[in-house]
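Since the structure comes first, as structure tokens, the remarks are kept for the end.
In the text below, chain A, chain B and the rest are named by the order of the sequence lines, each starting its count at 1. Note: hydrogens, waters and symmetry copies are ignored here, and every other heavy atom, side chains too, is used.
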Protein chains: 2
Amino acid sequence: MKKLSKSLEDYIEAIYIASEGKNFCRVKDIQKVLNVSKPSIVNALSILKEEGLIVQEKYGYVSLTKDGERKAKNVYKKHKIITEFVEKIFEVENVDAQKIACEIEHIVDKNIYERMEKISKNFNERTKIVLYGEKDETDGSKTR
Amino acid sequence: MKKLSKSLEDYIEAIYIASEGKNFCRVKDIQKVLNVSKPSIVNALSILKEEGLIVQEKYGYVSLTKDGERKAKNVYKKHKIITEFVEKIFEVENVDAQKIACEIEHIVDKNIYERMEKISKNFNERTKIVLYGEKDETDGSKTR
DNA sequence: CCAAAATGTTAGTTTTGACTAATAAAGTTT
DNA sequence: AAACTTTATTAGTCAAAACTAACATTTTGG
């Protein structure tokens with residue numbers, strides 16, 4: 001139940017993504033998702049094994065344990081929520097929002113990303129107008 | 001003109017804060033702002049000296065050069081903008097917003113924090129209502 | 001003015017997370 | 001099944017950023 005480091009969170013998230021559809025993946029699949037060398041991955045895997053978050057036989061497939069999957073889903077969910085929030089609120093490309101989400105996902109707590117989720121859900125054209133203070137016919141008030 | 005690491009950005013920002021009012025500060029003042037050991041600070045200072053961002057004589061005062069002050073102000077400005085944004089948008093205490101800002105300030109680019117600034121400027125009660133999708137009398141539309 | 005307190009520096013470690021080069025195992029092809 | 005290709009691992013390095021303990025300098029108070 002120990003808290004993972006940022007980098008290990010990235011790895012477990014990558015394993016989850018690389019396993020999409022199946023319930024296992026290979027080191028090289030992880031490599032495609034993250035952009036790091038294989039030895040770096042092997043090293044991270046050894047820690048995740050110790051923590052009981054993945055299983056892997058030597059030269060074999062990597063798969064998440066129950067615990068590992070729970071953590072991975074958690075991180076991944078945050079990632080998606082943050083990406084959507086950043087995309088909508090700041091009007092940036094998905095690729096850029098992804099990059100920002102990758103970093104922020106290790107920082108914000110539950111309260112914050114649940115609020116991001118709510119905001120994203122309610123987001124529409126008018127939100128944008130209100131946010132950036134452009135003229136809004138439905139309202140008489142001014143920001144002064 | 002080299003890009004500083006996150007940690008060095010924190011140090012230079014701390015120097016700026018610790019020098020408030022004066023144009024110099026001491027190692028122990030920096031220590032009050034950041035929460036790190038003196039040797040860590042000394043080490044960071046040695047790098048900032050190499051980069052020409054501060055000057056300090058042995059056992060003497062630390063002060064920012066023109067370049068250093070420019071960078072420091074930049075980081076500090078980002079910090080303030082992000083803090084305000086987080087406080088308002090997510091309705092969190094200033095202390096918590098500060099913590100988040102400390103981390104995000106090293107991540108987001110100019111485009112993003114300028115947008116944060118705009119949003120903060122325009123922020124009012126109605127923004128909050130629109131953001132979180134509560135009932136808004138002035139509007140007939142629904143988020144579906 | 002000199003001893004104690006406050007402040008700053010040096011030296012040496014530690015941890016984390018990355019890398020390259022070399023090696024080993026597994027899989028594929030003919 | 002031997003040779004070749006792909007994939008994974010090991011071993012050894014490196015850099016950033018922190019720490020503690022020991023030492024050096026400056027400041028201050030009796």
* To do: Apply the test side chain to side chain contact (heavy atoms under 4.5 Å, CB included) to residues B:Cys25 and B:Ile30: give CA-CA distance (whole Å), side-chain angles for both, the deciding distance (0.1 Å), then the verdict.
  => CA-CA 7 Å; B:Cys25 68; B:Ile30 302 170; 3.8 Å; yes
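- A 6.0 Å sphere centred on NZ of A:Lys66 holds no more than 12 heavy atoms belonging to other residues, nucleotides or ligands.
- A donor-acceptor contact closer than 3.5 angstrom links the side chains of B:His79 and B:Gln98.
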* Asked: When you look at B:Asn124 and B:Thr127, which way does the side chain to side chain donor-acceptor pair (under 3.5 Å) test go after all the steps?
  -> CA-CA 5 Å; B:Asn124 59 32; B:Thr127 322; 3.0 Å; yes
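- Nucleic acid contact class of A:Ser7 (heavy atoms, under 4.0 Å, all strands): sugar-phosphate only.
- Under a hydrophobic clustering in which Ile, Leu, Val, Met, Phe, Trp and Tyr are joined whenever their side-chain heavy atoms come within less than 4.5 Å, directly or via other members, B:Leu53 and B:Leu45 fall into the same cluster.
- Note on A:Tyr61: nothing from the nucleic acid sits closer than 4.0 angstrom, heavy atoms only.
- Between A:Phe85 and A:Phe90, the ring planes lie perpendicular to each other; the angle is over 60°, past the 30° to 60° tilted range.
- We find that CD of B:Gln31 is positioned 18 Å from P of D:dA17, with the value rounded to whole Å.
- At a cut-off of 3.5 Å, with distance as the only test, a side-chain donor of B:Arg115 or B:Asn111 sits close to an acceptor on the other residue.
- Comparing the end axes of the helix from C:dC1-D:dG30 to C:dT30-D:dA1, each fitted to five base pairs by superposing C1' atoms of four pairs onto the next four, gives an inter-axis angle of 0° (nearest 10 degrees).
- Chain A approaches DNA chain C over the interval C:dG17 to C:dA26, counting the first and last nucleotide 5' to 3' with an atom under 4.0 Å from its heavy atoms.
- Side chain to side chain, B:Gln56 and B:Lys49 meet the donor-acceptor criterion of an N or O pair below 3.5 Å.
- The backbone N or O of A:Tyr132 sits less than 3.5 Å from a side-chain atom of B:Asn122, completing a donor-acceptor pair.
- Crowding of B:Phe24 atom CZ: a count of heavy atoms from other residues, nucleotides or ligands under 6.0 Å exceeding 12.
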Collect all protein-nucleotide pairs involving nucleotides 7-13 of chain D in which both atoms are nitrogen or oxygen and the distance is under 3.5 Å.
residue, atom, partner, partner atom, Å
D:dT7, OP1, A:Lys28, NZ, 2.6
D:dA8, OP1, A:Arg26, NE, 2.7
D:dA8, OP1, A:Arg26, NH2, 3.4
D:dA8, OP1, A:Val27, N, 3.2
D:dA8, OP2, A:Lys28, N, 2.7
D:dA8, N7, A:Lys38, NZ, 3.3
D:dT9, OP1, A:Gln56, NE2, 3.2
D:dT9, OP1, A:Tyr59, N, 3.4
D:dT10, OP1, A:Lys58, NZ, 3.1

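- Contact annotation: B:Ser37 side-chain N/O to D:dT20 OP1/OP2 distance is not under 4.0 Å.
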